[in-house]
2 protein chains.
Amino acid sequence: MALGAEWKARLYGNDSATPARGGRKPVTSRAELEHVAFDLFAAQGFEATTVDDIARAAGIGRRTFFRYFPSKNDIPWGAFDEQLDQLRTDLRAYPVDQPLMDVVRAALVDFNRVPAAEVPWHRRRMALILQVPALQAHSTLRYANWRQVVAEFVAERLDQPVDALGPQTIAYATLGVALASYEQWLRDESQDLAALMAAAMTGLAESFTGVRTT
Amino acid sequence: MALGAEWKARLYGNDSATPARGGRKPVTSRAELEHVAFDLFAAQGFEATTVDDIARAAGIGRRTFFRYFPSKNDIPWGAFDEQLDQLRTDLRAYPVDQPLMDVVRAALVDFNRVPAAEVPWHRRRMALILQVPALQAHSTLRYANWRQVVAEFVAERLDQPVDALGPQTIAYATLGVALASYEQWLRDESQDLAALMAAAMTGLAESFTGVRTT
DNA sequence: TAGAGTAATGGCACTCGGTGCCGAATGGAA
DNA sequence: TTCCATTCGGCACCGAGTGCCATTACTCTA
């Protein structure tokens, strides 16, 4: 379950400067398998689609499927971990005098911005992740890395250890904001994801007004 | 995975006024199995312990185990869903003029109060849930019910639909506060869980001060 | 052009969680 | 004792995931 280190090297590209001298060429790609799988999911549902089905539809062996994805549950996640590096960078690109939660909110919104052309695809992806129980569960493990990135940034700003209560709480809460927003976004096509996230964040802030902070 | 309706009836007690006329007596109990399982988990770890191991150690058939727990992942959860009814009640026991987030915070703290005698047990339970990847993942599904209870209460107070952005965001964020607090609590024996939750909540509130709420 | 080396493939067998089925065992009530 | 309800647990089966390993396909070099 806990996506080993080999995978990071294996899954997320050729790691730039890999010589890759010889050897047989991969017969397919993560992207292609993802596509094949999504079609099947749409047709028969996630649970009802077996890895065998996917492999057969893609013309590869079942065993080979598991060389492209560590698990069936990972199919919808694409190159998520790669994007985390971007988030890490983005968070630090904001001026240091900008209030902490403003930065977090802005970065959250940015992180989840997708090109208009990919919106329908992204919807399907997120619908799977947020609505299929097995994927809901699995996603927790993926979110952990995301939270870690946020927590690291907050920890720096607050000059606290990463695993201290403050940074961790904020990271968890921010994730909550994101998830609540996504659920809303999936419910209503016409809503703008970025706007929802901003609204959720400020809404949460508002709900705390009047709470004693000492 | 999605714990069916039969289970609610089956797992969580005799449902008070059940006549239970005749029939063979259960040969064991959830509590006993939980105990046997925890011993094995402590000895060999969660992953390394198979359902067969547990059944054998408890002197029951493997098939029977699954009549007591819907899955291996559910072992540490005890009677969680029962407690939710308590939370639901508690939230409404606070005066209506008490600020929303104060009530949520107080209820959160109350919900997680455990008798001193059970603290060591609770620690082991939560250590499993929060640290074993498979259980981390599975717990998401259990938390959903918890969030629902909080969201319902918030929705009433704000006079919004349960699935609106506000209630959902607050429910998610509150869950985050709880999880961050638990992680902290597990890290340091000497900390008081209730105090950590209160601190996390007010800390989150503080972090929002200065955020524009319009 | 014939290797030699390298990397991906995919079949096989296996483990483990989880389920449907069904006969056997158990205990209360008539 | 008989009937009924309920639990037990074996059996067969499914699907995800893994270790092993021979095979295939590709590149580079002698």
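Labels below follow one simple rule: chain letters A, B, ... track the order of the sequence lines, proteins then strands, and each chain is numbered from 1. These values consider heavy atoms only, across backbone and side chains, with no hydrogens, waters or symmetry-generated copies. Remember, predicted model here, so these are calculated numbers, not experimental data.
- Residue pairs satisfying the salt bridge (charged side-chain N to carboxylate O under 4.0 Å, His left out) criterion with at least one member in residues 164-174 of chain B, sequence neighbours excluded, are absent.
- For B/T49, the side-chain hydrogen bond (donor to acceptor under 3.5 Å, both in side chains) partners two or more places apart in sequence, or in a different chain, are B/Q44.
- A straight line from CG of A/L33 to C1' of C/dT9 spans 13 Å, rounded to a whole angstrom.
- Applying the salt bridge (charged side-chain N to carboxylate O under 4.0 Å, His left out) rule to B/R125 yields the partners B/E34; only residues at least two apart in sequence or on another chain are considered.
- At D/dC8, one or more side-chain N or O atoms of B/Y68 fall inside 4.0 Å of OP1 or OP2 (strictly under the cut-off).
- B/K72 has its NZ atom 12 Å from the C1' atom of C/dT15, to the nearest Å.
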I'd like a list of close polar pairs between nucleotides 10-14 of chain C and the protein, N/O only, cut-off under 3.5 Å.
residue	atom	partner	partner atom	Å
C/dG10	OP2	A/G61	N	3.1
C/dG10	OP2	A/T64	OG1	2.9
C/dG10	N7	A/R67	NH1	2.7
C/dG10	O6	A/R67	NH2	2.2

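- The nearest whole Å value for the distance from the CG atom in A/D52 to the P atom in D/dG17 is 12 Å.
- Between B/E32 atom CD and D/dC8 atom P the separation is 11 Å, expressed in whole Å.
- Spacing between atom CZ of A/F65 and atom P of C/dT9 amounts to 13 Å, rounded to whole angstrom units.
- Shown for residues 34-44 of chain B: no residue has heavy atoms falling under 4.0 angstrom of DNA chain C.
- Going from atom CD1 of B/I75 over to atom P of C/dG17 covers 9 Å, rounded to whole Å.
- By the side chain to side chain contact (heavy atoms under 4.5 Å, CB included) test, A/A194 pairs with A/V109, A/R113, A/D192, sequence neighbours left out.
- Residue B/T49 is the one, among B/T49 and B/K25, whose nearest nucleotide of DNA chain C lies closer to the 5' end (criterion: closest heavy atom).
- Among residues two or more places apart in sequence or in another chain, the ring-ring contact (aromatic ring centres under 6.0 Å, His included) test is passed with B/F41 by B/F46.
- Side-chain N/O atoms of B/S71 include one lying less than 4.0 angstrom from OP1 or OP2 on C/dG18.
- Centroid-to-centroid, the aromatic rings of A/H138 and A/Y143 stay 6.0 Å apart or farther.
- Atom CZ in A/R56 sits roughly 13 Å away from atom C1' in D/dG15 (whole-Å rounding).
- When the salt bridge (charged side-chain N to carboxylate O under 4.0 Å, His left out) test is applied to A/R92, the partners found at least two apart in sequence or on another chain are A/E156.
- A/T50 has no side-chain polar atom (N or O) that falls below the 4.0 Å cut-off from OP1 or OP2 of D/dG15.
- Between B/W121 and B/F38, a ring centre-to-centre spacing shorter than 6.0 Å is recorded.
- Every residue two or more places apart in sequence or in another chain that forms a side chain to side chain contact (heavy atoms under 4.5 Å, CB included) with A/A137 is listed here: B/A137, B/L141.
- B/N73 places its CG atom 17 Å from the P atom of D/dA16, with the value rounded to the nearest Å.
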